[in-house]
Structures are given as structure tokens and as C-alpha cells.
Amino acid sequence: MKRLLYEISESWKIAVAQMQANKTRSMLTALGVIIGIVAVTLMGTAITGIQKGFDKSMSIIGDDVLYVNQFPWSRVDDWWNYRARKKIRTEYADRLNRMIAATPNSNLLIAVPTSSILRSVRYADSNVRNVFVRGTNADYSIVSTVDPKEGRFFNEMEAKGGANVCLIGYDIADALFPTGSPIDKVIYINGNPFKVIGVGARQGSFLGLFSLDSIVTVPLPAFQRYFSANSETDVLVKVKDRERMADAKDELTGLMRRLRALPPEKKNDFDINEQQAFKSTLDPIKNSIAIAGLFITGLSLFVGAIGIMNITFVSVKERTKEIGTRKALGARRRTILLQFLIESTALCLVGGLIGLLLAYLMCFGIGLAVPSFPIELSLGLVMISMLVSVMTGLISGFAPAWSASRLDPVTALRYE
Amino acid sequence: MHPNNTRPPGPIVIDIENITKHYVMGQETVHALRGVTLQIHRNEYLAIMGPSGSGKSTLMNMLGCLDTPSAGRYEFNGKDVSAMDDDELAAIRNREIGFVFQTFNLLPRSTSLRNVELPLIYAGIAPATREEMAAQVLREVGLGDRMHHKPNELSGGQRQRVAIARALVNDPSIILADEPTGNLDSKTGEEIMQLLENLYQRGNTIILVTHEADIATHSRRTVFLRDGLIESDRVTEGVDTQSLAFSN
């Protein structure tokens with residue numbers, strides 16, 4: 001055991017000495033690994049970034065909220081059948097709440113209506129188009145995952161009375177009020193004045209599709225007063241126990257069928273959506289992107305590994321006589337195997353470290369240039385990259401190291 | 001300076017009985033050794049001579065446990081070596097045999113000290129002890145002031161002294177010197193032979209492989225090989241036969 005330790009420490013010294021003696025060659029060989037590690041690491045950061053963005057988007061939907069919609073969230077081939085369905089109406093929420101209250105041991109907590117439409121918003125000379133305007137009631141703060149960064153949500157009285165008050169998203173605040181607080185200022189939504197009472201915390205975008213910060217929330221009666229035509233209505237239902245989502249979904253389906261007075265033989269003319277529906281649609285896509293990306297970048301690492309294998313073979317050939325001498329002096333097969341494995345691993349480790357440094361700098365650069373690009377170099381990824389470089393060294397060095405360890409000492413000593 | 005102070009031989013170290021070695025080269029089988037029987041005692045100074053192709057190198061590889069015989073028995077200190085595997089042979093080489101090569105075979109990028117330490121690493125000796133032992137042997141071969149020099153900073157004679165120190169450091173049963181003066185000028189060669197003589201006088205067993213007759217005269221016993229067989233095995237010319245007592 002002690003001998004193994006001495007052999008390993010000796011091998012490390014030899015490996016370092018070899019790299020110092022063949023600087024150019026070592027650097028060129030390591031370059032293959034550097035490029036490979038940079039590619040794999042950057043791909044890894046992109047995948048982690050996408051995953052994080054995805055998770056964040058999912059968390060905004062909420063894992064304990066059911067959405068009553070006209071359309072399902074998953075892709076359908078016969079959309080015309082869904083278009084003919086009856087619209088979801090805001091008053092369903094009140095009726096659902098009454099039914100929930102009347103159901104003993106209901107797993108549903110509360111139903112909240114939301115109506116939405118795209119409108120432009122103006123303050124002084126600044127104008128923002130295509131803002132997602134949402135009308136809802138005071139209970140929205142229960143189902144929402146967003147807290148106001150500044151100010152407050154509207155209260156029961158404002159919600160019921162349909163006061164001209166609003167909460168604005170982070171981006172709207174940023175665009176209309178680059179300096180100073182928006183609170184108590186009056187903005188115009190399609191020309192109608194609303195007083196800002198709160199600003200939402202920053203959310204980013206939903207799956208990179210649309211900004212969750214370009215949103216204005218107003219009391220439902222006010223919404224209906226100004227924007228009711230062509231608006232889209234959904235009902236959000238919060239669940240008590242998120243472990244029993246399926247039960248909750250069944251319960252809600254039953255309530256909706258009662259509400260719509262559907263006879264048993266008729267199919268649902270509404271859809272109940274949840275976070276899971278998104279996940280099951282998007283997970284396979286996300287995973288295949290990750291696998292394809294890692295495979296393609298992995299190829300560059302593979303090329304780097306071939307370079308390492310090649311240079312280790314050259315090294316074994318060059319130092320055949322040295323191997324013979326070492327064997328004559330009592331080096332065992334294991335000793336020689338270890339020596340060359342450690343040499344190739346050291347080379348890969350140097351390549352990996354430089355690669356990681358470059359990847360880090362690139363991430364930093366990309367982060368500065370394109371802040372919205374989802375990229376994240378985590379400690380776990382660093383560890384994985386180092387592990388990958390070590391494994392690359394071990395795997396690519398094995399064949400040459402094995403052949404070195406099997407050399408016949410007589411032949412090796414005679415080699416010139 | 002002909003040596004006459006022959007030392008009494010000790011117990012048998014190497015006991016070879018009727019060993020053969022053949023190599024298959026393409027269609028042909030080369031019989032390098034055709035049946036060699038040889039006994040070498042502790043504290044002998046033996047020269048193995050012979051023209052090229054005589055099987056001299058093959059016998060040396062065999063004695064040095066670098067190779068195993070095709071047939072025959074080889075006992076080293078009473079242990080049967082002929083059936084050992086690679087790693088067992090490596091262990092024997094490490095502990096029992098000190099090699100001195102014609103081309104020195106030092107590691108070019110390591111200092112004298114590190115070169116001498118090498119067998120000790122493979123023997124599993126701790127770093128501090130290793131360095132102490134290596135330094136001690138280097139001083140013994142007269143290189144106390146060259147410990148931190150690399151081979152390219154040393155003369156040929158000094159390099160061979162480092163190699164001898166490396167052969168000695170593990171206190172082996174035999175020192176196997178293959179043409180140790182082959183790459184040296186005659187004056188330096190003579191110094192190296194003097195060093196080997198000193199080691200012999202201190203009780204080491206030395207096996208010298210050479211094709212040079214005047215180098216072989218430093219030994220006390222000369223084995224002459226021809227065509228894979230021992231042609232003669234006798235007291236080296238000019239050695240006082242009175243003090244010798246070979247077993248055969």
C-alpha cells in the first residue's frame with residue numbers, strides 16, 4: 001500500500017517533468033482536450049440554463065394550481081373542435097367557490113377568475129405596446145406566485161368596486177418610469193387612467209416566449225368596463241394538497257361538468273390544465289436537445305482524447321529504453337501502467353483546467369453581452385468537467401499504458 | 001595491477017542446471033543457449049566472455065532474471081526462478097540484482113540522487129530513508145559532490161559511477177555488469193574496474209559480461225561461451241589458484 005503511494009507520487013513527478021520537457025507538444029495535445037472541455041462545459045451551462053429557465057417558468061404556473069381553459073395546453077391536431085367550445089366565463093369562479101364550500105373534504109381551496117387582453121400602456125411620452133392586461137379579483141394574490149416588489153396588491157374593496165388601480169410588471173415600470181417610483185402615478189391603458197399601486201418583482205420570461213414582466217393587473221370590474229370585448233378568460237383553482245393533484249383534477253372536472261350541466265354521455269367541453277401538462281410536452285424536447293447537444297460536443301472531446309492517446313503512444317515508444325531500465329530496476333507492470341496513466345491524466349487535467357477557465361470567461365462574456373441567454377456555470381458542472389477530463393485521461397491513456405506495462409524488459413532494454 | 005587477493009567464496013547464490021533458450025524467429029528457431037550448467041557463489045568475481053552470437057547476452061538476461069529459460073532449472077538463493085511470473089521476477093530484480101549497463105541507462109532528467117533512489121521507490125522505502133540511503137551510496141562511489149547534478153552535467157565515468165551506486169543501493173546479492181567500460185575511454189574504464197574490484201573486496205558478488213579479454217582479467221573466474229554452450233570455466237589467467245576452491 002505504501003509502495004503504491006510512493007509509486008503514484010513518483011509518477012506525478014515524472015508526469016510534471018515530462019510536460020515541462022515537452023512544452024509545445026503537451027500544449028498542442030492538451031489543446032484538443034481544452035476545446036473538448038470548453039465545448040462540453042458550455043453545452044452543460046446552456047442545458048443547466050435552459051433547465052433553470054424551464055423550472056422557473058414552471059414554478060410561475062405553480063405546481064398546486066389547476067387552470068380551467070377552453071383549450072388544452074398540449075398540442076392538438078383537431079383544434080377546430082376546441083374552437084367551437086363555449087368560452088370560459090368569469091362568473092364560473094364564484095359558482096365553483098360556492099360548490100367547493102358545499103363539498104365536504106374538498107381538495108380544492110379557491111377559484112379565481114382572470115381575463116386578459118393585449119393593450120398598450122402610456123405614461124407621459126412613453127408608450128409600451130402589446131402589454132398583457134389582466135383583470136382579476138383580490139384572491140389572485142393567493143394563487144399568484146408573484147409578490148409585489150414595491151407597493152401592494154389591490155384590496156377586496158378596490159377589487160369589488162372596480163377601482164382604476166393597477167399593479168405593473170417589472171418591465172413596464174422600467175420602461176415607463178426609468179427614474180423614480182411609479183407608485184401613485186397614473187398610467188393610461190388604451191387611454192383609460194389607472195393609478196399604479198404596486199410593482200411586481202422581476203420574473204423573466206416564460207420559456208423565453210414572452211415576458212412575464214410586461215404585464216398589468218387591474219381589478220376585474222374595471223377590466224370588464226374597458227376591455228371586455230375579445231378578451232380571454234380562465235379560471236385558476238388552487239389545490240389544498242399538492243400531493244393529490246389527480247384527485248383534485250377529478251373533483252374539479254366533476255364540478256365543471258355540473259356547472260356546464262353536461263349529461264354523462266357528453267365529453268368535456270373545457271380543459272383542466274396544470275403544470276404537469278407542460279412538463280410532459282416539453283420534457284422530451286428538452287431532453288433530446290440536451291442529449292444531442294452533449295453528444296455533438298462530446299465528439300470534440302473524443303477527438304481530444306484520441307490526441308492524448310496518440311501522444312501517450314509516442315511517449316511510450318520514445319521511452320521504451322527507460323521502461324526497460326525501470327523494469328530491470330524492479331518496476332512491476334502496475335508501476336509502468338500507473339506511470340503512463342498518470343501522465344495522460346495529468347495532461348487531460350491541465351487541459352480540463354484551462355478549458356474550464358476559458359469556459360468560465362466565455363460564460364462571463366456571454367452573460368455581459370446577452371444577459372437574457374440562459375447560461376450558468378455551477379460548481380456541480382465544474383466538478384463534472386474535472387471528472388470528465390480525468391476519465392478522458394484514464395481511458396485514452398489506458399491502451400498505451402497497458403502496452404508499455406506489457407513490454408518485455410529484454411526487448412525494451414535493447415531498444416534504441 | 002593484476003588482482004591476486006582472491007576472497008574465499010560463500011554459499012551458492014546462482015544455481016543453473018542445463019538451461020536452454022530458443023527463440024522462434026519467423027520460420028527459424030534460434031537456439032541461443034543449448035544446455036548451460038553453472039553455479040555462482042556469494043562473493044565471487046566472475047566474467048562471462050564469448051564472441052557475439054555465443055549466447056552471452058541471453059545468459060546474462062537469464063542470470064539477471066530479465067528472461068526465463070525455455071527449459072532447465074534456475075535457482076536464485078534457493079528459489080526457483082524459472083517458473084516465476086513478470087511481477088515476481090521484478091521483485092527479485094529489485095532486491096537481489098544490481099544492474100550496470102554499458103550505456104549507463106540513467107534517467108536523463110533526474111539528478112544523480114533521484115536516479116539512485118529509483119530502486120528504493122520500487123522497494124517501497126519511505127522518501128526520507130530513500131534519500132539518506134542514496135546519498136550514502138553516492139558518497140561511497142566518490143560522488144558526494146555530484147548528488148544534484150543531472151546525467152548531462154556528468155562525465156562518462158561519473159555517470160557509470162551513478163549507475164553503480166544505483167546497482168548497489170538496495171544491497172543486492174549480485175551485481176551484474178554488462179560491458180561496463182564499453183562506452184568509456186581506457187583510463188576511465190580502468191577507474192570503473194577499480195571501483196568494481198573495491199566492491200568485490202568489500203564482499204559483493206560481481207558478474208561481468210564482456211568481450212574484452214583485458215577487462216575480463218580483473219575477474220577471478222572466467223566462463224567462456226561459444227554457440228550456446230560453456231566452452232571453458234576456469235580460474236582467470238594469472239590468479240593465484242591456491243586460494244580458490246570452486247565446487248566443480
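Proteins come first, then strands; the chains are lettered A, B, ... in the order of their sequence lines, and each starts at number 1.
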(message) Checking R326(A) against Y122(B): is there a side-chain donor and acceptor pair closer than 3.5 Å?
(response)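 The answer is yes; a qualifying pair exists.
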(request) Might you point out which heavy atoms bring A331(A) and A90(B) nearest each other, and give the distance in Å? (result)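 Where A331(A) meets A90(B) most closely, the heavy atoms are O-CB, 3.7 Å.
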(request) For residues L66(B) and P409(A), report the shortest heavy-atom separation together with the two atoms involved. (result)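 Heavy atoms of L66(B) and P409(A) come nearest at O-CG, 3.6 Å.
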For atom [atom1] of [X], is the number of surrounding heavy atoms from other residues, nucleotides or ligands below 6.0 Å larger than 12?
X       : atom1 : answer
R109(B) : CZ    : yes
H22(B)  : NE2   : no
E131(B) : CD    : no
Y360(A) : OH    : no
F295(A) : CZ    : no
F302(A) : CZ    : no
E132(B) : CD    : no
K321(A) : NZ    : yes

(request) Among the options C65(B), G98(B), A123(B), P127(B), pick out the one with the most heavy-atom pairs lying under 4.5 Å from chain A. (result)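 Answer, by heavy-atom pair count under 4.5 Å with chain A: P127(B).
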(message) At a heavy-atom distance under 4.5 Å, which candidate from T103(B), L89(B), L107(B) has the highest pair count against chain A?
(response)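 Of the options given, most contacts go to L107(B).
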(request) Could you tell me whether the side chain of R3(A) and the main chain of I125(B) form a donor-acceptor pair under 3.5 Å? (result)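 No, R3(A) side chain to I125(B) backbone: no donor-acceptor pair under 3.5 Å.
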(request) For N94(B) and L329(A), indicate whether the former's side chain and the latter's backbone hold a donor-acceptor pair under 3.5 Å. (result)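 Between the backbone of L329(A) and the side chain of N94(B) there is a qualifying donor-acceptor contact (under 3.5 Å).
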Part of [X] within contact of chain A (heavy atom distance under 4.5 Å):
X       : answer
N105(B) : both
L118(B) : side chain
R130(B) : side chain

Euclidean distance, [Y] [atom2] relative to [X] [atom1], rounded to 0.5 Å:
X       : Y       : atom1 : atom2 : value
L413(A) : F99(B)  : CG    : CZ    : 7.5 Å
I121(B) : L5(A)   : CD1   : CG    : 12.5 Å
T335(A) : D87(B)  : OG1   : CG    : 7.5 Å
E10(A)  : E117(B) : CD    : CD    : 8.0 Å

(request) Tell me, out of K327(A), E7(A), R319(A), who's got the most heavy-atom pairs with chain B below 4.5 Å. (result)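 Most heavy-atom pairs within the cutoff with chain B belong to K327(A).
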(message) Only pairs of heavy atoms separated by less than 4.5 Å count here; which of K2(A), R333(A), R334(A) has the most with chain B?
(response)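 With the most close heavy-atom pairs to chain B, the winner is R333(A).
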(request) Inspect the contact between E88(B) and R332(A) and indicate whether a charged nitrogen and a carboxylate oxygen are less than 4.0 angstrom apart. (result)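 No, no charged N to carboxylate O under 4.0 Å.
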(request) Could you go through the side-chain hydrogen bond (donor to acceptor under 3.5 Å, both in side chains) check for S110(B) and K13(A) one step at a time? (result) CA-CA 10 Å; S110(B) 301; K13(A) 284 179 201 157; over 6 Å; no
